[in-house]
Amino acid sequence: MVTTHNLGFPRIGKKRELKFALENYWKKVISKETLQEIAANLRRAHWQDQSKLDLVPVGDFSMYDQVLDTSFMLGHIPARVSELPGDELDSYFRVARGRSLSDDPTCSCVSAGEMTKWFDTNYHYIVPEFEQNTRFSLNANRLLQQIEEAKQQGIQVKPVILGPASYLWLGKSKDGSDKLNLLDDLVNVYAQLLHELKNAGIQWVQMDEPVLVMELSQEWQHALRKTYFQLQATPVNLLVATYFGQLQGNLQLACELPVNGLHLDAITAKDEVAKVIDWLPCHKVLSLGIINGRNIWKTNLAETLDWLEPIYSRLQDRLWLAPSCSLLHVPVDLNSEQQLDRDIQSWLAFAVQKLDELDTLAKALSQGRDAVTEELLENAVAVTNRKQSSQVHDESVKRRVLEINNAMGIRHSPYQQRAVIQREKFNLPLYPTTTIGSFPQTREIRQARQDFRTGKLSAAQYHLAMQQEIKTCVREQEALGLDVLVHGEPERNDMVEYFGEQLTGYAFTQFGWVQSYGSRCVKPPIIYGDISRPQAMTVDWIQYAQSLTDKPMKGMLTGPVTMLNWSFVRDDQPRAETCMQLALAIGDEVLALEKAGIGIIQIDEAALREGLPLRKTQWKSYLQWAIRAFQIAANGVKDETQIHTHMCYSEFNDIIEAIAGMDADVITIETSRSDMELLDVFDQFHYPNEIGPGVYDIHSPNIPSIDSMIDLMKKAAQRIPAQRLWVNPDCGLKTRSWDEVKPALSNMIAASKRLSGHLSSTAVD
Ligand code: GLN
Ligand code: ZN
């Protein structure tokens with residue numbers, strides 16, 4: 001018999017029930033008891049959805065974040081929070097978001113824990129904070145209660161725990177001490193935990209050690225070995241789970257850990273399965289993650305079975321089957337969708353459907369394919385239909401990608417020559433000012449969009465309302481005295497969705513939400529087919545905005561790499577190829593804007609950096625095609641057209657050469673929060689083009705002072721000649737209010753004026 005299990009289930013709920021419960025609790029609309037009750041009901045529903053499995057994960061549910069749950073379970077709570085009044089949940093939300101309730105009287109004195117991306121996913125966890133004197137102590141109540149809860153519901157429980165090595169790895173040393181010094185104390189607490197689990201009647205525990213797919217130093221490899229040798233005497237069976245990538249140099253280590261089983265992501269590490277089978281001692285279970293937990297396509301069941309059957313005959317009962325990773329990263333239930341194209345819907349599988357696939361595969365192995373004839377047939381029909389669908393394949397798009405040649409994506413003249421032409425054309429002052437694109441998305445704008453969607457506003461009325469918003473935005477910018485204006489993006493709900501809706505090959509769900517952090521979810525669009533641009537997407541809006549002013553109006557587009565990285569992508573062709581299709585479509589829009597007389601065009605690549613592979617050895621090939629895609633989209637313009645790009649992250653030291661290779665005339669980046677530290681990279685690397693280091697932190701409601709912005713720009717001017725500097729905010733202003741934006745921009749412009757005045761007067765001297 002094959003054992004089936006799951007690594008984790010989405011906790012947000014089919015209709016985002018957890019999100020709404022949390023937000024209502026924080027606003028004091030519901031009580032703590034009601035919140036707990038909703039959470040318990042969600043757990044019950046999710047366990048029910050997984051009840052066909054042989055082992056069901058428990059402990060994967062979280063009120064905010066599973067890493068933060070682990071910190072609390074290990075008695076590892078920042079001192080700034082543990083001294084405050086209230087119960088555990090109050091402390092928990094204070095670390096998570098700086099306050100327990102929205103009007104938490106203590107909130108002015110706690111800072112929330114730092115948040116960062118969970119490996120290469122779009123999920124964000126709360127970073128554990130370590131110091132030399134950090135000590136751990138077990139607090140397993142939450143987990144034990146949930147185990148009890150599940151048992152009472154007749155669930156076959158398998159607790160899921162983040163393993164000690166990964167927990168340490170994911171945290172941050174606050175005082176520069178070596179985190180690994182904490183390992184012994186930490187492992188002791190884990191040993192106690194495993195004893196408690198044994199006493200609770202548990203047989204198998206899943207220990208997540210995703211660090212095993214990272215490039216590990218000898219110290220970290222040793223830490224893993226030591227951890228599991230110390231836990232060897234524990235009375236429960238341990239399944240060490242790895243996911244998101246290949247084991248590579250850690251393969252032997254992973255196979256030889258003294259535990260009872262290993263889970264391997266057989267989607268990303270399929271090539272390693274044979275080797276792992278050879279290395280794995282024959283008393284150990286091998287769990288294969290054969291259903292993609294990161295994407296939304298149906299598994300090709302027949303193909304998977306062809307591959308699995310020989311493995312099963314070799315491993316027999318030692319073979320377990322699961323999704324590749326926790327299903328946290330996919331939407332919950334495809335059956336919630338009412339408006340998807342029928343064909344497209346038949347090609348998809350969300351969390352619930354993925355578990356059905358798992359069940360079918362296990363039955364086919366254990367009982368033979370005849371036991372699941374109908375399921376296999378249905379799957380084969382969907383898979384074939386997708387392969388042959390005219391909705392997916394557009395020969396003319398494929399041909400265009402094939403016709404991409406080396407000359408494409410290269411500007412006619414080098415930056416130095418373009419800069420001269422552009423300076424003459426735009427006649428901008430020194431330290432020119434601009435913004436990143438969006439202006440406040442007010443209640444009125446959102447209301448108008450909703451009224452349009454529900455039919456209260458006609459298309460013509462909506463169009464007029466948006467034009468009105470653009471006009472207000474242009475007038476405000478003129479009054480403030482900005483040099484390069486934007487239209488403000490009122491017509492855009494989201495920077496990817498807005499373009500995806502106008503391109504072929506994109507589908508949108510109603511309920512395809514995936515947790516990003518805490519109560520926040522994103523609904524990534526689905527790229528299912530070849531991408532083309534049937535008509536212009538932004539030209540009317542930008543042209544209208546330009547008609548209102550004599551100042552240059554910057555056209556605003558989302559770049560191909562960001563369109564790709566923030567969508568669910570096709571699995572039937574390489575990502576690079578999909579990205580090139582996007583690049584050609586965006587490139588057409590760039591040329592259309594240029595033709596319509598728009599002289600400055602910004603192509604946002606907010607998500608370029610986050611697409612970097614987990615292992616550095618794979619960076620080069622990603623950057624090669626990603627940068628190439630940007631070039632193809634952006635660089636077909638004339639010398640006099642000024643291309644801007646924007647990236648909202650502050651760590652790009654290690655990819656600066658690739659970014660320079662994009663050859664944008666101007667790049668605007670986030671810097672204000674790091675006090676321009678990020679610009680240190682320019683001490684070593686001579687960045688050739690223009691840069692706008694963000695001086696206004698748009699994530700904060702604070703209004704930056706003129707002096708603070710001058711200071712920041714002076715720091716920038718120490719590394720980059722003033723002639724190549726721009727003054728702008730860190731990112732788009734859509735989440736801020738006009739009350740904040742106006743004084744902040746007014747200060748920003750004053751700072752620019754003082755700087756350029758100072759510079760031109762010294763120049764005269
Ligand atoms: N142009 C976009 C805006 O201003 C850029 C957003 C982003 O970088 N995330 O909103
Ligand atoms: Zn940004």
Side-chain angles (χ1 to χ4, degrees), residues 117 122 124 433-442 445-446 449 466 469-470 473-474 476-477 482 484-500 516-517 520 522-525 537-538 541-542 545 553-567 586 589-590 593 598 600-611 630 633-634 642-652 659 662 664 666-674 678 691-700 726-738 740-741 744-745 748:
K117 274 165 73 75
N122 197 16
H124 300 75
T433 54
T434 191
T435 63
I436 307 306
S438 57
F439 266 82
Q441 287 258 338
T442 57
I445 296 180
R446 285 198 299 268
R449 191 158 28 249
M466 291 303 113
E469 293 293 340
I470 291 173
C473 192
V474 172
E476 292 292 352
Q477 293 174 82
L482 282 150
V484 171
L485 311 196
V486 295
H487 79 296
E489 305 181 23
E491 80 290 8
R492 302 186 189 175
N493 39 357
D494 172 275
M495 64 188 287
V496 171
E497 199 166 306
Y498 179 76
F499 290 96
S516 172
Y517 65 91
R520 296 300 188 94
V522 293
K523 193 152 65 71
M537 304 184 281
T538 63
W541 298 115
I542 308 293
M553 176 60 57
K554 185 159 64 163
M556 197 58 59
L557 303 171
T558 301
V561 188
T562 300
M563 294 290 296
L564 184 86
N565 285 346
W566 283 348
S567 304
I586 304 289
E589 185 73 10
V590 170
L593 282 169
I598 303 303
I600 304 184
I601 300 163
Q602 177 173 313
I603 303 162
D604 291 325
E605 283 295 15
L608 191 140
R609 191 186 190 285
E610 68 179 61
F630 178 88
Q642 189 171 70
I643 295 289
H644 289 217
T645 187
H646 164 71
M647 297 184 183
C648 38
Y649 46 75
S650 48
E651 286 165 35
F652 69 178
I659 287 177
M662 293 160 76
V666 182
I667 181 170
T668 55
I669 46 173
E670 175 193 313
T671 34
S672 65
R673 270 184 296 179
S674 68
L678 135 93
I691 290 201
V695 287
Y696 164 20
D697 175 7
I698 62 93
H699 297 96
S700 152
W726 285 65
V727 184
N728 46 262
D730 263 350
C731 193
L733 303 168
K734 77 173 180 196
T735 55
R736 301 258 63 95
S737 70
W738 278 105
E740 294 159 339
V741 162
L745 291 181
M748 187 184 93

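Numbering of ligands and ligand atoms starts at 1, following listing order. Position 1 is the first residue of the sequence, and the numbers go up from there.
- What you find for Pro440 and Ile445 is that their closest heavy atoms are O-CD1, 3.7 Å.
- A side chain to side chain contact (heavy atoms under 4.5 Å, CB included) with Tyr696 holds for exactly one of Leu733, Thr435, Ile436; it is Leu733.
- Side chains of Glu476 and Trp738: no donor on one and acceptor on the other come within 3.5 Å.
- For His646, the N/O/S atom at the shortest distance from the Zn ion (ligand 2) is named NE2.
- Polar contact check, Cys648 against ligand 1: no nitrogen or oxygen pair lies under 3.5 Å apart.
- Inspection of the Gln441 and Thr735 side chains reveals no N or O donor paired with an N or O acceptor under 3.5 Å.
- At a 4.0 Å heavy-atom cut-off, ligand 1 does not touch Met647 at all.
- Of all the heavy atoms of Ser438, the ones lying under 4.0 Å from any atom of ligand 1 are found in both the backbone and the side chain.
- Atoms of ligand 1 found under 4.0 Å from any heavy atom of Asp604 (numbered from 1 in listed order, with element): 1 (N), 2 (C), 5 (C).
- Taking every non-hydrogen atom of Met495 and a distance limit under 4.0 Å, the qualifying atoms of ligand 1 come out as 6 (C), 7 (C), 9 (N).
- From Ile698, atom CD1 reaches atom CD of Glu740 across 10.0 Å, with rounding to the nearest 0.5 Å.
- Against a heavy-atom cut-off of under 4.0 Å, Cys731 is close to the following atoms of ligand 1: 7 (C), 8 (O), 9 (N).
- Against a heavy-atom cut-off of under 4.0 Å, Gly732 is close to the following atoms of ligand 1: 3 (C), 4 (O), 10 (O).
- Under a 4.0 Å N-O distance rule, the pair Lys117/Glu610 qualifies as a salt bridge.
- Per-residue contacts place His646 under 4.0 angstrom from the following atoms of ligand 1 (heavy atoms of the residue considered): 8 (O).
- Atom numbering of ligand 1 starts at 1 in the shown order; those under 4.0 Å from a heavy atom of Ala606 are 8 (O), 9 (N).
- Among the atoms of Trp566, none of the N or O lies under 3.5 angstrom from an N or O of ligand 1.
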message = Under the criterion side chain to side chain contact (heavy atoms under 4.5 Å, CB included), I'd like the reasoning laid out for Met556 against Arg492: C-alpha separation, chi angles, the key distance, then a yes or no.
response = CA-CA 11 Å; Met556 197 58 59; Arg492 302 186 189 175; 3.8 Å; yes
query = Stepwise, does the side-chain hydrogen bond (donor to acceptor under 3.5 Å, both in side chains) test hold for Glu489 with His487?
reply = CA-CA 6 Å; Glu489 305 181 23; His487 79 296; 5.9 Å; no
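- Per-residue contacts place Gly437 under 4.0 angstrom from the following atoms of ligand 1 (heavy atoms of the residue considered): 4 (O).
- Between Lys734 and ligand 1, no pair of N/O atoms sits closer than 3.5 Å.
- One finds the OG1 atom of Thr562 at 7.5 Å from the CE atom of Met647 (value rounded to the nearest 0.5 Å).
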